[in-house]
Structures are given as structure tokens and as C-alpha cells.
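Keep in mind it's a predicted model, so treat the numbers as computed, not measured.
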Amino acid sequence: MNNRVYLFILMVGSVFFECSNDVDSCLENQSVAIATVNNPDEQSLFFLDLENNDRLWTASSNFPQYKPSTGQRVIADYTILSEESEGNKVRNIKLNDIYEILTKDLVTIDDSNRDSIGNSSIHIADIWISNDFLNVEFTFKGYNKVHYINLGFNTLKDYNDGKIHLELRHNNNDDVATHKSWGMASFNIKPLQIKGKDSLNIVVHSKSYDSIRERTDELVYNFKDTQKTVRTVTLNKDKGKIS
């Protein structure tokens, strides 16, 4: 599925039709949240694990041909069809709309890719860790080309502070910087876990277009910690082409 969104605004059409008899109840049960796909058989109906580890089952979907892979991060617009019951901790939902978050593994930056991986400026709007992913919401300047986003270790630099240092890299693909675009990416950091420890400190370095100096964000990765609340986002933004 292309990395795009189908306007998360009023959801006219099938959602409106189904809720026409009880609009207030339908709106109360409708949510937009970040989740991780659990779909080992790559079927059109699958589980969504929210940031607080609540699990949803897509009992109904507006996208019968959409079969995402396990581990894909998404922003899902859904309506709750049934609440949890005794012996069943999974809520059934209707999937109204979905946006695929750029989901990637960490990379290694060395002499072979130090130029191709890019060092274009990027602005971090939000950064956090959840469910073994380091998540970044960001903006960048461009026009109509695909921009490449990566997070990884720079083997050309040495740090001796006991922390994991990662660089958020942006390759603007020689695009013209005429518009500000929005994007979100999730990077799998589970391989960073160290046996015998329960946490580690991560420092993310980035080149911001709002400052002449390098930006650093320090985060604590607690291996067994989970979010207490469901994380929601607003998608009324200009979404850029990223890979």
C-alpha cells in the first residue's frame, strides 16, 4: 500500500450510513491511534496492537484488499464494535481508514554510504519510544520528489559515554525546498536490548533547518515498559513522499 492517508476527517459514506441511526454513539466509539500490525498470515483481517498493548481485531474493514505485514506501524481510524468481555481481552473494530507509517530497521553509516544516505536538514516535531520502536514525527522542505529517511549508527564517530548514539539522516533527493511537508517514521530498536539490563540511554542526532547547530534528543529505552495511554495524532497536515 502506498504511504499515504485517505483524509481522516468526517468519514462520509459507509461509516455515516452505519451510524445514521445513532450518530452520537458512533462518534464516541470512533478513534484515531498509532498501532502495530500483527498479521502473520497476511490476511485482510488482522490484529492491531495499540501503544498501551491493548489489542484490536479488524472484524470489518473498508479495505478488503489491504493485507499488511506483521510489524508494520500504522495510524488507524477505527470504530469500536464490541468492548472487552470476561475471557476476551480483544475488542472488535471496523477499520475506517489507515495510514502506513514508514517502518524500518536501523542502518549502519560508514564510508560506503556516508554520502548516499544524505545529510539534508530535517525538523523533529516529536520523538518518543514505544513498543520497541523509536518514533519520529518530523517536517522537511521539498516539492515533489521522494525523500529518504533513515536512523542508524555512524561508525565514523566514537562516543565514550556509555550511551547509544544514533543519527537521523535525511536525503532530499535533490528536491526543491519550496514546501514544508510532514512525515512519521518508526524504527525497530529491539536489537539494541542488552542481556542482563532493563534499559539504556539513546541519543539521537539530527540536522535541523531551524538551527545552525546539531540537535540532540536523549531518550530512555526501558525494555519492559509500555505506554499507559493510547497515542493519538492529528493528520490535517501536508504529507510528503518518504521512503
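Hydrophobic clustering (ILVMFWY, side-chain heavy atoms < 4.5 Å, transitive): I202 and L151 are in one cluster. Taken together through direct or relayed side-chain contacts under 4.5 Å among Ile, Leu, Val, Met, Phe, Trp and Tyr, L45 and F47 form part of one hydrophobic cluster. V204 and F140 fall within a single hydrophobic cluster, where Ile, Leu, Val, Met, Phe, Trp and Tyr are joined by side-chain heavy atoms under 4.5 Å apart, directly or via other members. Cluster membership check: V136 shares its hydrophobic cluster with L219, using side-chain heavy-atom separations under 4.5 Å among Ile, Leu, Val, Met, Phe, Trp and Tyr. Linking ILVMFWY side-chain heavy atoms closer than 4.5 Å, directly or via other members, places V74 and F133 in two distinct hydrophobic clusters.
You'll find the side chain of I75 reaches within 4.5 Å of the side chain of M184, heavy atoms only. Here the side chains of Y78 and T58 are not in contact, with every heavy-atom distance at 4.5 Å or above. The shortest distance between side-chain heavy atoms of L166 and F153 falls below 4.5 Å. Looking at N154 and H205, their side chains never come closer than 4.5 Å, going by heavy atoms from C-beta outward.
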For Q72 and F46: C-alpha separation, side-chain torsions, deciding distance, then whether side-chain contact (heavy atoms from CB on, under 4.5 Å) applies.
CA-CA 12 Å; Q72 174 65 53; F46 47 86; over 6 Å; no
Are D97 and F63 close enough, and set up right, to give a side-chain contact (heavy atoms from CB on, under 4.5 Å), and what steps lead you there?
CA-CA 8 Å; D97 224 330; F63 309 99; 3.4 Å; yes
Pair up each side-chain donor or acceptor in residues 189-199 with any protein partner under 3.5 Å, not counting sequence neighbours, and list the distances.
residue: Q193; atom: NE2; partner: D132; partner atom: OD1; Å: 3.3
residue: Q193; atom: NE2; partner: Y221; partner atom: OH; Å: 2.9

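The closest side-chain donor-acceptor pair between S44 and Q65, if any, does not fall under 3.5 angstrom. In this structure, a donor-acceptor pair under 3.5 Å is present between the side chains of W182 and E137. Judged by distance alone, the side chains of N53 and N131 do bring a donor and an acceptor atom under 3.5 Å apart.
The structure places CD1 of I149 at 4.5 Å from CZ of F138, a figure rounded to the nearest 0.5 Å. The distance from atom CG of L56 to atom CD1 of I80, rounded to the nearest 0.5 Å, is 7.0 Å. Distance check, rounded to the nearest 0.5 Å: CG of N38 to CH2 of W57 gives 9.5 Å. For the atom pair R55 CZ and L48 CG, the distance stands at 9.5 Å (nearest 0.5 Å).
Side-chain rings of Y209 and H170 stay apart, their centers remaining 6.0 Å or farther from each other.
The salt bridge (charged side-chain N to carboxylate O under 4.0 Å, His left out) check on K67 picks up nothing, with sequence neighbours excluded.
The minimum heavy-atom distance between S186 and N135, with the atom names listed, is OG-OD1, 2.6 Å.
Listed by first then second residue, pairs satisfying salt bridge (charged side-chain N to carboxylate O under 4.0 Å, His left out) with a partner in residues 141-155 number zero, not counting sequence neighbours. For residues 101-113, the salt bridge (charged side-chain N to carboxylate O under 4.0 Å, His left out) pairs, not counting sequence neighbours, are D111-R114. Among residues at least two apart or in separate chains, salt bridge (charged side-chain N to carboxylate O under 4.0 Å, His left out) pairs with a member in residues 167-182 are K157-E167, E167-R169.
None of N188, T36, T103 except one satisfies the side chain to side chain donor-acceptor pair (under 3.5 Å) rule with R73; the exception is T36.
Judged by distance alone, the side chain of N201 and the main-chain N or O of G162 form no donor-acceptor pair under 3.5 Å.
Other cluster members for I117: V107, I109, joined by side-chain heavy-atom distances under 4.5 Å among Ile, Leu, Val, Met, Phe, Trp and Tyr.
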